[in-house]
Asker: 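Okay, handing you the structure first.
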Amino acid sequence: MPEYKQFPLADTAEGLTEADIIAWQVKPGDTVTVNQIVVEVETAKAAVELPIPWAGVVTELLVEPGQTVEVGAPILTIDVDPGGKAAPAPAAAPAAEEPAEEEMKPLVGYGSKAVVTQRRARKGAAPAAAPVAPAPVAVAPEPAVASKPKGGYVPLAKPPVRKLAKDLGVDLHALTGTADGGVITRDDVHAAANGSAAPTVVSTVDSGYDPATRERRVPIKGVRKATAAAMVQSAYTAPHVTEFLTIDVTPMMEFREKLKKSREFAGVKVTPLTFAAKAVCLAAKRTPDVNAVWDEAAQEIVYKDYVHLGIAAATPRGLVVPKVRDADSMSLKELAIALTELTDVAREGKTTPAAMLGGTITITNVGVFGVDTGTPIINPGESAILCLGAIKDTPWVVDGEIKVRKVLQLSLSFDHRVVDGQQGSEFLADVGALLADPAVAITY
């Protein structure tokens, strides 16, 4: 007879507690093999593809795309013995039995946390009766959700809302959700806990204005949520100072054209960001303060003898900052190749959590959006971030005459606990000199 197992959401990076289901790669009835990718999820750090540790036939998808799920919650049911060769399972009541540790070894990060995730009802659909499991389920139900739902009704609420209801002693079965599809929100739980009615919407028909048709709400989660938290922490922890420098980069752009025609750089994408990356690595050796970090816990300043260069990249899921490891040891050509690969992966949403850890200094390029300059916020765990503006044809004085030149604005934000004004200014001036005339690098 069939033997069913439930596939739990893995902890894809240390410290994460939840993830959003992006897309399923399988459907009920599909046959899967060991380590086959079955689902793509988005955590607070990146989008990740998860493999399944068993072979068998998918019988049910327990969550839908867009749903937020706690780490350890079951998201898929699989029949690992579709041929019926295994011994029949005992007809016992469902028990809070956890998956055997040896069964989970093919995947890293799986815990024994027992959590129940309810399938979200489709919009416009009436509440369905609780599904009957085809075999004993090895997950204990949450105390806030009865094992036999009242009248077959399963309250729709995200795990954090369920926890809130449990903490406040609110019975979710007694609530009617005010969100789309009847989903119960935090406001619904708080209203019930305070003994008041659920929030109501004031009619605006008489005024002729209906805000609901002119507003759009998007849940704060995933990469956007993590980025916001990191930026707030950085802005209110590190005392930011920002300096600006405008330079003539005509020689750099001319040198770029020469490289594009050379045999050594054939097929290699050399951009202004490539030159900036090389300039930052060279300048950081002369001003190591910008490549250091303030360790509050140890009351130390930690100087790094390597440059793990962060590159801020805009993606459909928000801002990510993957790193070029040991960028200071790379040639200009190697940097160009590494940057191309890094940005391509980031734009596809495939940057791994590990690729975004351990940076020492970051570059952000707002020039690709036609913006002249900005005041960037330092990436947490670092002490400086360089911002590149757009390169524009601008009137410029050369040898006493006004000429049209390629001009770029730079801005540097730094942590004033680590970097004094002198060091920040010297570093920015060095980067500017290297971009204004790449031949200056020979003097370093």
Asker: How long is the gap from CG on Leu428 to CD on Gln423, to the nearest 0.5 Å?
Answerer: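 Separation between the atoms: 13.5 Å.
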
Asker: If you take all heavy atoms of Met252 and Leu435, which pair is closest and at what distance?
Answerer: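 The answer is CB-O, 3.1 Å.
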
Asker: Kindly indicate whether the side chain of Met356, heavy atoms from C-beta on, has any atom under 4.5 Å from the side chain of Val320.
Answerer: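 They are in contact (side-chain heavy atoms under 4.5 Å apart), so the answer is yes.
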
Asker: Would you sort out whether Asp326 and Val307 count as a side-chain contact (heavy atoms from CB on, under 4.5 Å), showing the intermediate values?
Answerer: CA-CA 5 Å; Asp326 296 309; Val307 176; over 6 Å; no

Asker: I'd like to know if the side chain of His190 and the backbone of Ala193 have a donor-acceptor N/O pair within less than 3.5 Å.
Answerer: no

Asker: Would you say the side-chain atoms of Asp79 pair up with the backbone N or O of Tyr4, donor to acceptor, closer than 3.5 Å?
Answerer: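 Not at all, since once roles are kept as given, no pair shorter than 3.5 Å links the two residues.
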
Asker: Would you confirm whether Trp24, through its side chain, and Val63, through its main-chain N or O, come within 3.5 Å as a donor-acceptor pair?
Answerer: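 Flag set: sc Trp24 to bb Val63 pair under 3.5 Å.
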
Asker: Is Thr59 reaching over with its side chain to a backbone N or O of Thr77, donor-acceptor style, under 3.5 angstrom?
Answerer: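 Yes, because the side chain of Thr59 sits within donor-acceptor range (under 3.5 Å) of the backbone of Thr77.
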
Asker: Does anything in residues 358-373 form a salt bridge (Lys or Arg N to Asp or Glu O under 4.0 Å)? List the pairs, not counting sequence neighbours.
Answerer: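 Salt bridge (Lys or Arg N to Asp or Glu O under 4.0 Å) check on residues 358-373 returns Asp372-Lys392.
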
Asker: Less than 4.5 Å apart, side chain to side chain, heavy atoms only: is that true for Arg417 and Pro239?
Answerer: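 A side-chain contact exists here, since the closest heavy-atom pair is under 4.5 Å.
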
Asker: When rounded to the nearest 0.5 angstrom, what is the spacing between CG in Leu412 and CD1 in Ile361?
Answerer: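 Leu412 CG to Ile361 CD1: 7.0 Å, rounded to 0.5 Å.
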
Asker: Rounded to the nearest 0.5 Å, how far apart are OG1 of Thr68 and CD1 of Ile21?
Answerer: 8.5 Å

Asker: Test: salt bridge (Lys or Arg N to Asp or Glu O under 4.0 Å). Region: residues 226-242. Which pairs qualify, not counting sequence neighbours?
Answerer: none

Asker: Please report the closest heavy-atom contact between Leu339 and Ala277, naming both atoms and the distance.
Answerer: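 In terms of heavy atoms, the two residues are closest at CD1-CB, 4.0 Å.
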
Asker: Sequence neighbours excluded, which residues qualify as side chain to side chain donor-acceptor pair (under 3.5 Å) partners of Thr185?
Answerer: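 Counting only residues at least two positions away or on another chain, Thr185 forms a side chain to side chain donor-acceptor pair (under 3.5 Å) with Asp188.
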
Asker: Can you check whether Ala298's main-chain N or O pairs, donor with acceptor, with Asp295's side chain at less than 3.5 Å?
Answerer: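 Yes, the answer is positive, given that a donor and an acceptor are paired below the 3.5 Å cut-off.
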
Asker: For the pair Ser234 (side chain) and Ile378 (backbone), establish whether a donor and an acceptor sit closer than 3.5 Å, ignoring hydrogens and angles.
Answerer: yes

Asker: Test of understanding: with side chain to side chain donor-acceptor pair (under 3.5 Å), list the residues that count as partners of Thr274, not counting sequence neighbours.
Answerer: Thr271

Asker: Roughly how far, to the nearest 0.5 Å, is the CZ atom of Arg186 from the CD1 atom of Ile184?
Answerer: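 So the gap between those two atoms works out to 13.5 Å.
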
Asker: Considering only heavy atoms from C-beta outward, does the side chain of Asp289 approach that of Ile301 to under 4.5 Å?
Answerer: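 The answer is no, as the side chains (C-beta and beyond) never meet within the 4.5 Å cut-off.
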
Asker: Search all heavy atoms of Ala314 against all heavy atoms of Leu319 and return the closest pair with its distance.
Answerer: N-CD1, 4.4 Å

Asker: Got a donor-acceptor contact below 3.5 angstrom from the Thr343 side chain to the Thr340 backbone?
Answerer: yes

Asker: Among all residues two or more places apart in sequence or in another chain, which pass the side chain to side chain contact (heavy atoms under 4.5 Å, CB included) test with Ala355?
Answerer: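 Scan of Ala355 (side chain to side chain contact (heavy atoms under 4.5 Å, CB included), adjacent residues dropped) gives Thr351, Thr352.
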
Asker: Supply the atom-to-atom distance Cys387 SG to Leu410 CG, rounded to the nearest 0.5 angstrom.
Answerer: 8.5 Å

Asker: Who pairs with Val58 by side chain to side chain contact (heavy atoms under 4.5 Å, CB included), at least two apart in sequence or on another chain?
Answerer: Val26, Val32, Leu61, Leu76

Asker: Quick one: closest heavy-atom pair of Leu335 and Ala327, and the distance?
Answerer: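 Answer, listing the atom of Leu335 first, then Ala327: CD2-CB, 4.0 Å.
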
Asker: Arg347: which residues meet the side chain to side chain donor-acceptor pair (under 3.5 Å) condition with it, sequence neighbours left out?
Answerer: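 Checked Arg347 against side chain to side chain donor-acceptor pair (under 3.5 Å); zero matches.
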
Asker: Please report the C-alpha distance between Leu309 and Thr362 in whole Å, then the side-chain angles of each, then the deciding distance to 0.1 Å, and finally whether the side-chain contact (heavy atoms from CB on, under 4.5 Å) criterion is met.
Answerer: CA-CA 6 Å; Leu309 184 62; Thr362 292; over 6 Å; no

Asker: Do Asn379 and Met231 come close enough that some side-chain heavy atom pair is under 4.5 Å?
Answerer: yes

Asker: Does Asp344 have any side chain to side chain donor-acceptor pair (under 3.5 Å) partners at least two apart in sequence or in another chain, and if so, which?
Answerer: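 Scan of Asp344 (side chain to side chain donor-acceptor pair (under 3.5 Å), adjacent residues dropped) gives none.
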
Asker: Does the distance from a Lys or Arg side-chain N to an Asp or Glu carboxylate O, for Glu60 and Lys27, drop under 4.0 Å?
Answerer: no

Asker: Hey, what do you get for CD (Gln409) to CD1 (Ile391), rounding to the nearest 0.5 Å?
Answerer: 11.5 Å

Asker: Under the criterion side-chain contact (heavy atoms from CB on, under 4.5 Å), I'd like the reasoning laid out for Val418 against Val293: C-alpha separation, chi angles, the key distance, then a yes or no.
Answerer: CA-CA 7 Å; Val418 180; Val293 65; over 6 Å; no

Asker: Could you tell me if the side chain of Phe427 sits less than 4.5 Å from the side chain of Val419, heavy atoms only?
Answerer: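 The answer is no, as the side chains (C-beta and beyond) never meet within the 4.5 Å cut-off.
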
Asker: In sequence, state the C-alpha distance, the side-chain angles, and the governing distance for Lys350 and Glu40, and then conclude on salt bridge (charged side-chain N to carboxylate O under 4.0 Å, His left out).
Answerer: CA-CA 10 Å; Lys350 302 297 184 183; Glu40 183 180 7; 3.5 Å; yes

Asker: Not counting sequence neighbours, which residues clear side chain to side chain contact (heavy atoms under 4.5 Å, CB included) with Ala266? List them please.
Answerer: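 Ala266 satisfies side chain to side chain contact (heavy atoms under 4.5 Å, CB included) with no residue once adjacent residues are dropped.
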
Asker: Dump the intermediate steps for side-chain hydrogen bond (donor to acceptor under 3.5 Å, both in side chains) on Ser413 and Thr242, then the final yes or no.
Answerer: CA-CA 4 Å; Ser413 292; Thr242 304; 2.8 Å; yes

Asker: Give the minimum heavy-atom separation between Pro376 and Thr364, together with the two atoms involved.
Answerer: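 Where Pro376 meets Thr364 most closely, the heavy atoms are CB-CG2, 4.0 Å.
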
Asker: Can you name the ring-ring contact (aromatic ring centres under 6.0 Å, His included) partners of Tyr306, sequence neighbours left out?
Answerer: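 Partners of Tyr306 by the ring-ring contact (aromatic ring centres under 6.0 Å, His included) criterion, ordered by chain and then number, come out as His308.
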
Asker: Please give me the minimum heavy-atom distance between Val189 and Ala165, naming the atom from each residue.
Answerer: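 Closest approach of Val189 to Ala165, heavy atoms only: CG1-CA, 3.7 Å.
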
Asker: Can you tell if the side chain of Ile78 reaches within under 4.5 Å of the side chain of Trp54, non-hydrogen atoms only?
Answerer: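 The answer is yes; the side chains approach within 4.5 Å.
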
Asker: Would you confirm whether Arg256, through its side chain, and Val270, through its main-chain N or O, come within 3.5 Å as a donor-acceptor pair?
Answerer: yes

Asker: Which residue in the set Arg286, Lys304, Lys278, Lys285 passes salt bridge (charged side-chain N to carboxylate O under 4.0 Å, His left out) when paired with Asp328?
Answerer: Lys285

Asker: Tell me, do Ser383 and Phe414 make a side-chain contact under 4.5 Å, heavy atoms counted?
Answerer: no

Asker: Using modelled atom types and a 3.5 Å cut-off, is there a donor and acceptor pairing between side-chain atoms of Thr373 and backbone atoms of Gly389?
Answerer: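 It does not hold such a pair.
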
Asker: Please walk me through it: do Leu332 and Phe275 pass side-chain contact (heavy atoms from CB on, under 4.5 Å)?
Answerer: CA-CA 8 Å; Leu332 186 69; Phe275 289 102; 4.1 Å; yes

Asker: I'd like to check Leu50 versus Ile37 (side-chain heavy atoms, cut-off strictly below 4.5 Å). Are they in contact?
Answerer: no

Asker: Return the set of residues passing side chain to side chain contact (heavy atoms under 4.5 Å, CB included) with Lys333 (not counting sequence neighbours), or none when no residue passes.
Answerer: Glu264, Phe265, Val268, Ser331, Ile337

Asker: Please list all pairs passing the salt bridge (Lys or Arg N to Asp or Glu O under 4.0 Å) test where one or both residues lie in residues 379-388, with sequence neighbours left out.
Answerer: Lys323-Glu382

Asker: Distance-only, no hydrogens or angles: does the Glu341 side chain make a donor-acceptor pair with backbone N or O of Ala338 under 3.5 Å?
Answerer: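 No: the side chain of Glu341 does not pair with the backbone of Ala338.
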
